Amino acid sequence: MPTHCKSGKSCNIEPTLMFVFSGNSRRISLFFFWLCFPDRLPLSIRVFLEAAIRNCDGFYTTEGDVENILDWQQQQDKAEVPFTPARVLLQDFTGIPAMVDLAAMRDAVAKHGEDPSLVNPKCPTDLIVDHSLQIDFSKCFFICRTETAVKNQEMELIRNKERLQFFKWCSKAFKNVNVVPPDVGAVHQVNLEYLSRVAQVSDGVIYPDSVVGTDSHTTMINGLGILGWGVGGIESEAVMLGQPVSLTLPQVVGCKLVGSINPLSTSIDIVLGITKHLRQAGIAGRFVEFFGPGVSQLSAPDRTTIANMCPEYNATVSFFPIDRVTLKHFKKTSDHEKLELMESYMKAVKLFRSYEEPPEDVQKALMFLQVIEINLSSMVPHVSGPKRPQDRVAVSNMKADFQSCLEEKVGFKGFHISKEKQETRVPFLHCGQEYQLVHGSVVIAAVISCTNNCNPSVMLTAGLLAKKAVEAGLTVKPYIRTSLAPGSGMVTHYLNSSGVLPYFSQLGFQVIGYGCATCVGNTAPLPDAVVDAIKQGDLVTCGLLSGNRHFEGRLCDCVRANYLASPPLVVAYAIAGTVGIDFEKEPLGLSSSGKEVYLSDIWPSREEVQQTEEDTVISSVFKDLRGRMEKGNTFWNNIESPDSVVFPWDPKSTYIRCPPFFSNLSKELPAPQSIENAHALLFLGDKVSTDHISPAGSIARASTAAKYLQSRRLTPREFNSYGARRGNDAVMTRGTFASIKLLNRFIGKPSPKTLHIPSGQTLDVFEAADRYQRDGVPLVILAGKEYGSGNSRDWVAKGPYLLGVRAVIAESFEKLHKSQLVGMGIMPLQFLPGQSADSLELSGKERFSIVLPESLSPRQQLTVKVCTSKGTSFSVTALFDSQIDVIIFQHGGLLRYVAQTFLRSGSQPRAGAAERAPCP
């Protein structure tokens, strides 16, 4: 492939060079790296460059794309470039709709006379079944502690048998799909411990590992020098079918770490400290690449923990190039030959970083957009809350901050409890003993080893703290809903081998199973007496968890204050029983001898933790996890599934339904359809998150989704969760905008309701949308700033699409969600700068018309006509970032675009053959 360097010289180089390693010849994707590779490119951009050169086919990826990446300094934040990742990562909540869509696409293709077996993921896809675990059993007197996890796992497998049968069918019917069965580990842990490769080998070609995933924690993998980030379900489906991710060539910010880590600071403190600095720096949509002497102090788990939080400061990725620390980590998971190959390859393609060279030299050598310097010694212990992860509170100031939250007006932090009610105490009986609840009482304490807390040192710190607490005679009150959810069997293994697991159990933190539970709202119900006491006193009680998602009401409807904390602090606050404590001045409790015990008395030293980690977290632990993955479990192995090429849909199923995304599919491109006389389904304010839009957690008994399931003769105990029923569009559409925290200006208070404007009736959102659709009325949504913030979810766009929403008009959008709307054929329209629904004096009850021109272009301004007696109008910007976005929208969304391209070609779409083609 003849290619021209930016220096102007022509490089006629074979697409691969031979790389001799350990006596074996392998092809390596070096291309012209050695001859014209620009040494000043950030290492994360070099991964882009390698992928572009290796996949340059003249269709999806052109020589112009390669040259734009080479000219990164001038083209950053300007040129739109494709990126073809090495693999796709799915978790079951988002994975099941993706696989259901592919199964439905096979149906649609078959109906048009094409071979459905040709519809397969072209990109290797791993689907991890980890999000269906619920806590049915916790601390129960009639169940042995060692049986708690087994009982929860049995219930998970029984409850989700139908979904698991579908997954089993997928693993057999589709090529390039690997399904990791339940009871193995959380998706991000499995990705880190089992699936990560750094250097991939396929058909004799070696190239850098990279990944896109439907889990918002996919970014953790950047801590291992593997480029990856989260995408929506429909984007992942496109990649699965061979289409690259399209994005604007990212700007790269260098983050220089200096200083020494405080011995009392955990990785959580480091993570949240860096998060605060980077959030204040305003780096939305950029790559962050770390360097400096402080990086070498961070272990691989420390780095993955930091990388996990990049969505919280709106960066796309936080990249830690591979170095000696990374290689040391992979000694636990790779054999010597693979490790040597990995090191040799990464050095050969200049993707290896050495910290022996002064950071000033690195800073001068690389063309970072800007450099942010962070001193690690400034990090002190914090928690985050009580409603948002970005609201950090120093532990030393926690007591005073919670008191101020009680007094503040209702908002991002305040609860507005009157002075006379702030001292309310409500007595109640639990297990025959009287207790009292007050404002600040802890009622949920969940130690979760995933995402932020996958770092073994953090979990071992919590375990050693529990050990010292038990030895000091401290206990946790029995009404507190405590749980321990290891991210994988590896965590249980090292907690057990280090000897701290029994002490967790003695404090009530028993292993409840493997997978996401508390974070996604699957907490076991609180004791009735506790709920009654909370309601009686209108108390602001607290939940503590060591995850990184805790929006208000997510853990439990009656628990209003929720804090993110490191695992040892979760244990500490559970022992204290309240967040209203100053650990430096007040004791946690009394020892068995009546002596006051302070947190400093039982906090393990950094040296003690490091020694324990070194003694327990060894390669045998990872080998044990690998064996469990490959072996599966008896229940999974015995599941029977169909052998058909096309999935045999069961009309009686309430879990798996063929979605209507391919209805009226044809080979021809549909004509542009203007929006005429649309009503506003919702009138929303600022910071509407994906939690408000997309259904998650348990299905409320009074919801429209519950009514649907009851109509199918299911009892409330059989409802399961929204996540488990994500393969049923009828359930998910009814759960869209069903959040009890949705603040719709039509209603004036948090409620999953809206106004049906023609009749003036207040209805559930689905019922109103259904009535509009029956009347043939198109719908729009009016919103404020940061619409769609939060973690990635595919139904955040699919749900509105099936509700009949044609456009969302907002002041600003979260970038990923904007792409998801485009991917479902919904227009993201942005008010012009300085304008809003309020400034335009919109009541939301008007009717709106939007004329679409025959030829759309990226970022084109459109006119919205407001159908009133005055006949006013205003302009908006259609947020199509590229011509590809326009083409996808014109086809009615990404799924239909892929299917129509397939039908027009008459065979499996060739990678790159459609995306760069002109619109037919």
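Bear in mind the structure is a predicted one, so any value in this text is a computation, not a measurement.
Residues that satisfy the side-chain hydrogen bond (donor to acceptor under 3.5 Å, both in side chains) test with Q165, not counting sequence neighbours, are absent from this structure. Here Q200 pairs with D209 under the side-chain hydrogen bond (donor to acceptor under 3.5 Å, both in side chains) rule; sequence neighbours left out. Looking at residues two or more places apart in sequence or on another chain, you find a side-chain contact (heavy atoms from CB on, under 4.5 Å) between Q251 and Q76, D77, R286, L369. Scanning for side-chain hydrogen bond (donor to acceptor under 3.5 Å, both in side chains) contacts around D126 gives N178, with sequence neighbours left out. Residues satisfying the salt bridge (charged side-chain N to carboxylate O under 4.0 Å, His left out) test with D101, not counting sequence neighbours, are K798. R197 pairs by the side-chain hydrogen bond (donor to acceptor under 3.5 Å, both in side chains) definition with nothing, not counting sequence neighbours.
Taking all atoms of both residues into account, the shortest heavy-atom contact from L895 to F662 is O-CE2, 3.6 Å.
Although no hydrogens or angles enter the test, the distance criterion places no donor-acceptor pair under 3.5 Å between the side chain of K122 and the main chain of V239. For R54 (side chain) and Y207 (main-chain N/O), no donor-acceptor pair under 3.5 Å exists by modelled atom type. Not one N or O on the side chain of S694 forms a donor-acceptor pair closer than 3.5 Å with the backbone of T690. Remark: side-chain polar atoms of D57 are paired, donor with acceptor, to backbone N or O of T61 under 3.5 angstrom. Without hydrogens or angle criteria, H817 side chain to F813 main chain gives no donor-acceptor distance under 3.5 Å. Judged by distance alone, the side chain of T219 and the main-chain N or O of A307 form a donor-acceptor pair under 3.5 Å.
A salt bridge links D881 with K818: the distance from a Lys NZ or Arg NE/NH1/NH2 to an Asp or Glu carboxylate oxygen falls below 4.0 Å.
Ring geometry, W229 versus F48: the interplanar angle falls under 30°, so the pair is classed parallel (tilted spans 30 to 60°).
Here the CG-CG distance, from L164 to D92, works out to 8.5 Å after rounding to the nearest 0.5 Å.
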